[in-house]
Amino acid sequence: MHPVPLFIKGRILDNLEAVRGHFLLRLKLPPAFHHPVPGQFVMIRVTESQTPLLARPMSIYAFEKGAGHSVLEIFYRVAGAGTRILSGLKPGDELSLLGPLGNGFSGNQEARRAILIAGGIGISPLTFLAASLSPIREPFPVEMTAYVGAQRKEALAGLDRLSAVCPDIRICTDDGSMGYGGRVTELFERELDAFDPQGCAVYACGPRAMMKRLAELLEKHPLPCQVSVEERMACGLGACLGCAVAVRTPGGDVAFMRACKDGPVFDIRRIDW
């Protein structure tokens, strides 16, 4: 069971544009903030005013706990009014946040290789996961292969941080401007049979269409796979039921689970795509 999430104030250390439209936010937090699990998230309120009304869910990109404070990193894309306001905040400004929230990735203790599949800003929680895998398994760290996709070269973001912990990165762009020309799931499909299901685990985060296609590819392949879904959230605590995810029950029926409380990480084979 995860510790109870905290509602706290954080002070901005940096809020820098990494590539066009993508920002790296570093927050200084009180030491009471619990160490998050990769795949968990925080709800950030960018202003105390009524506009925008709702807090924004943000995947955790990195976390470091010190003696007197902690540093939380968020890698985000400007996609609407809330993130646009967030991108304009400066060092020294304060933010309200709630977290860590949700259920993160669970490590596969039998896996000797992790396959990371990221689409767009989905690289954020997978980078946090990748950074956590190698130290845990020393002196036999997990080997990692990452498939990173974007629409075009200019939209690729976060590669520097990921490459520091995962040297085997296979880039895909829809327009062919960098790496493999095509969708990230196309390249993974070409190489799928090379991975031993007994020694590999797949972790993915990206647009719904990407993960639906990944689910189709794995229907006849026994590779275990966990996905972090990108759902719109209002409360982050499971009270509003606004982030329902359709899942298959053991009996084959469809039920609904909350992305914020029961997820955002699910077994890919449980979701009714």
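The residues of the chain are indexed from 1 along the displayed sequence. Remember, it's a predicted structure, so these values are computed and weren't measured experimentally.
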S.K.: If you draw a 6.0 Å radius around CZ in Arg190, do more than 12 non-hydrogen atoms from other residues or ligands fall strictly inside?
M.R.: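 Open.
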S.K.: Assess whether side-chain contact (heavy atoms from CB on, under 4.5 Å) is satisfied between Leu29 and Leu97, documenting all intermediate values.
M.R.: CA-CA 10 Å; Leu29 303 179; Leu97 62 88; 3.8 Å; yes
S.K.: Are any side-chain N or O atoms of Gln226 and backbone N or O atoms of Val265, one a donor and one an acceptor, separated by less than 3.5 Å?
M.R.: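 Not confirmed, Gln226 side chain does not pair with Val265 backbone.
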S.K.: When you group the ILVMFWY residues by side-chain heavy-atom contacts below 4.5 Å and let the links chain together, are Val71 and Ile74 in the same group?
M.R.: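 No, Ile74 does not connect to Val71 through the hydrophobic network.
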S.K.: Could you go through Val227 and Cys225, starting from their C-alpha distance and side-chain angles, then the distance that decides it, and tell me whether this counts as side-chain contact (heavy atoms from CB on, under 4.5 Å)?
M.R.: CA-CA 7 Å; Val227 296; Cys225 178; 3.9 Å; yes
S.K.: Is Leu214 reachable from Leu192 through a run of hydrophobic residues whose side-chain heavy atoms are each under 4.5 Å from the next?
M.R.: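 Looking at the clustering, Leu214 is in the same group as Leu192.
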S.K.: What do you reckon, is CD of Gln151 surrounded by more than 12 foreign heavy atoms closer than 6.0 Å?
M.R.: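 Result for CD/Gln151: open.
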S.K.: Establish whether Ile12 and Ile85 are linked, either directly or via other cluster members, by ILVMFWY side-chain heavy-atom contacts under 4.5 Å.
M.R.: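 Same cluster.
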S.K.: Once you measure the plane-to-plane angle for Phe63 and His35, does it fall in the parallel (<30°), tilted (30-60°) or perpendicular (>60°) bin?
M.R.: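 Perpendicular: the ring planes of Phe63 and His35 meet at over 60°.
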S.K.: Check for a donor-acceptor pair, side chain of Arg258 on one end and backbone N or O of Asp262 on the other, with a separation under 3.5 Å.
M.R.: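 Pair absent, no side-chain N/O of Arg258 close to backbone of Asp262.
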S.K.: Look at the side chain of Arg113 and the backbone N and O of Phe195, then say whether any donor-acceptor pair between them is shorter than 3.5 Å.
M.R.: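 Between the backbone of Phe195 and the side chain of Arg113 there is no qualifying donor-acceptor contact (under 3.5 Å).
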S.K.: Could you tell me whether the side chain of Asp174 and the main chain of Gly181 form a donor-acceptor pair under 3.5 Å?
M.R.: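 Not at all, since once roles are kept as given, no pair shorter than 3.5 Å links the two residues.
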S.K.: Are there over 12 heavy-atom neighbours, none belonging to Arg170, within less than 6.0 Å of that residue's CZ?
M.R.: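 Yes.
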S.K.: Do Val184 and Ile171 belong together in a cluster built from hydrophobic side chains that touch within less than 4.5 Å?
M.R.: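 As far as the 4.5 Å side-chain criterion goes, Ile171 and Val184 are not connected within one cluster.
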S.K.: How many angstroms lie between atom CG of Leu95 and atom CG of Leu89, to the nearest 0.5 angstrom?
M.R.: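 Leu95 atom CG to Leu89 atom CG measures 5.5 Å (nearest 0.5 Å).
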S.K.: Show the nearest heavy-atom pair for residues Thr127 and Arg161, with the distance to one decimal.
M.R.: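 Reported closest heavy-atom pair: CG2-CG, 3.4 Å.
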S.K.: Enter the distance from Thr185:OG1 to Leu217:CG here, rounded to the nearest 0.5 Å.
M.R.: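 It comes to 6.0 Å.
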S.K.: What I'd like to find out is whether the side chain of Glu17 reaches to under 4.5 Å of the side chain of Phe23, using heavy atoms alone.
M.R.: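 Glu17 vs Phe23: side chains touch.
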S.K.: Counting only heavy atoms from other residues, nucleotides and ligands, does the tally under 6.0 Å from CD of Glu64 exceed 12?
M.R.: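 Counting other residues, nucleotides and ligands, CD of Glu64 stays at 12 neighbours or fewer.
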S.K.: Write down the atom of Ala130, the atom of Leu162, and the distance for their closest heavy-atom approach.
M.R.: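 Looking at all heavy atoms of both residues, the closest pair is CB-CD1, 4.0 Å.
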S.K.: Here's a test for you: under side-chain contact (heavy atoms from CB on, under 4.5 Å), which of Leu159, Leu126, Thr173 qualifies with Val148?
M.R.: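 That would be Leu159; it is the only one of Leu159, Leu126, Thr173 passing the side-chain contact (heavy atoms from CB on, under 4.5 Å) with Val148.
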S.K.: Could you check whether any side-chain heavy atom of Ile44 comes within less than 4.5 Å of a side-chain heavy atom of Leu25, counting everything from C-beta outward?
M.R.: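 Sidechains of Leu25 and Ile44: in contact.
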S.K.: Please report the C-alpha distance between Glu73 and Ile60 in whole Å, then the side-chain angles of each, then the deciding distance to 0.1 Å, and finally whether the side-chain contact (heavy atoms from CB on, under 4.5 Å) criterion is met.
M.R.: CA-CA 6 Å; Glu73 294 189 8; Ile60 297 170; over 6 Å; no
S.K.: Run Ile117 and Met211 through side-chain contact (heavy atoms from CB on, under 4.5 Å) and show every step you take.
M.R.: CA-CA 9 Å; Ile117 303 177; Met211 295 201 289; over 6 Å; no
S.K.: Any side-chain heavy atom of Ser87 within less than 4.5 Å of one from Tyr76?
M.R.: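 Of all side-chain heavy-atom pairs linking Tyr76 with Ser87, at least one is under 4.5 Å.
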S.K.: Could you label the plane-to-plane angle of the Phe188 and Tyr147 rings as parallel, tilted or perpendicular, counting under 30° as parallel and over 60° as perpendicular?
M.R.: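 Perpendicular.
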S.K.: What pair of heavy atoms forms the shortest contact from Pro38 to Ser132, and how long is it?
M.R.: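 Reported closest heavy-atom pair: CG-OG, 3.5 Å.
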S.K.: Looking at CD1 of Ile169 and CD1 of Ile123, how far apart are the two atoms once the value is rounded to the nearest 0.5 Å?
M.R.: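 CD1 of Ile123 is found 6.5 Å from CD1 of Ile169.
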S.K.: State the OH-CD1 distance between Tyr61 and Ile121, to the nearest 0.5 angstrom.
M.R.: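 Those atoms lie 8.5 Å apart.
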S.K.: Looking only at heavy atoms, what is the nearest atom pair of Pro100 and Pro36, with distance?
M.R.: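 Here Pro100 and Pro36 meet closest at CB-CB, 3.8 Å.
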S.K.: Is it the case that the side chain of Trp273 and the backbone of Arg213 share a donor-acceptor pair, with hydrogens and angles ignored and the cut-off at 3.5 Å?
M.R.: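 No; judged by distance alone, with no hydrogens or angles, the pair does not exist.
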S.K.: So Tyr203 and Phe105, would you call those rings parallel, tilted or perpendicular, with 30° and 60° as cut-offs?
M.R.: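 It falls in the perpendicular class, over 60°.
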S.K.: Say you draw a straight line from CZ of Phe266 to CE of Met257; how long is it, rounded to the nearest 0.5 Å?
M.R.: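 Interatomic distance, Phe266 CZ to Met257 CE, rounded to 0.5 Å: 5.5 Å.
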S.K.: Checking the side chain of Lys65 only, and the main-chain atoms of Phe33 only, is there a donor and an acceptor separated by less than 3.5 Å?
M.R.: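 Flag set: sc Lys65 to bb Phe33 pair under 3.5 Å.
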S.K.: Indicate, with yes or no, if Val229 and Val202 share a hydrophobic cluster defined by side-chain heavy-atom contacts under 4.5 Å among Ile, Leu, Val, Met, Phe, Trp and Tyr.
M.R.: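 Yes, one cluster joins them.
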S.K.: Let me confirm one number: the SG-CG distance from Cys166 to Leu116, rounded to the nearest 0.5 Å.
M.R.: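 So the SG of Cys166 and the CG of Leu116 are separated by 5.5 Å.
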S.K.: Under 3.5 Å, is there a donor-acceptor pair between the side chain of Ser177 and the main chain of Lys153?
M.R.: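 Yes; at least one donor-acceptor contact below 3.5 Å.
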S.K.: Give the minimum heavy-atom separation between Gln40 and Leu101, together with the two atoms involved.
M.R.: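 That closest heavy-atom pairing would be CB-O, 3.2 Å.
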S.K.: State whether the side chain of Asp14 and the backbone N or O of Leu24 hold a donor-acceptor pair below 3.5 Å, judged by distance alone.
M.R.: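 A pair under 3.5 Å: no.
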S.K.: Do Ile271 and Lys212 have side chains that approach each other closer than 4.5 Å (heavy atoms only, starting at C-beta)?
M.R.: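 Side-chain contact under 4.5 Å: no.
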S.K.: Check Ala150 against Leu156 and note the closest heavy-atom contact, atom names and distance.
M.R.: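 Answer, listing the atom of Ala150 first, then Leu156: CB-CD2, 3.7 Å.
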S.K.: Would you find a donor on one side and an acceptor on the other, under 3.5 Å apart, between the side chain of Arg11 and the backbone of Gly92?
M.R.: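 Yes, Arg11 side chain to Gly92 backbone: donor-acceptor pair under 3.5 Å.
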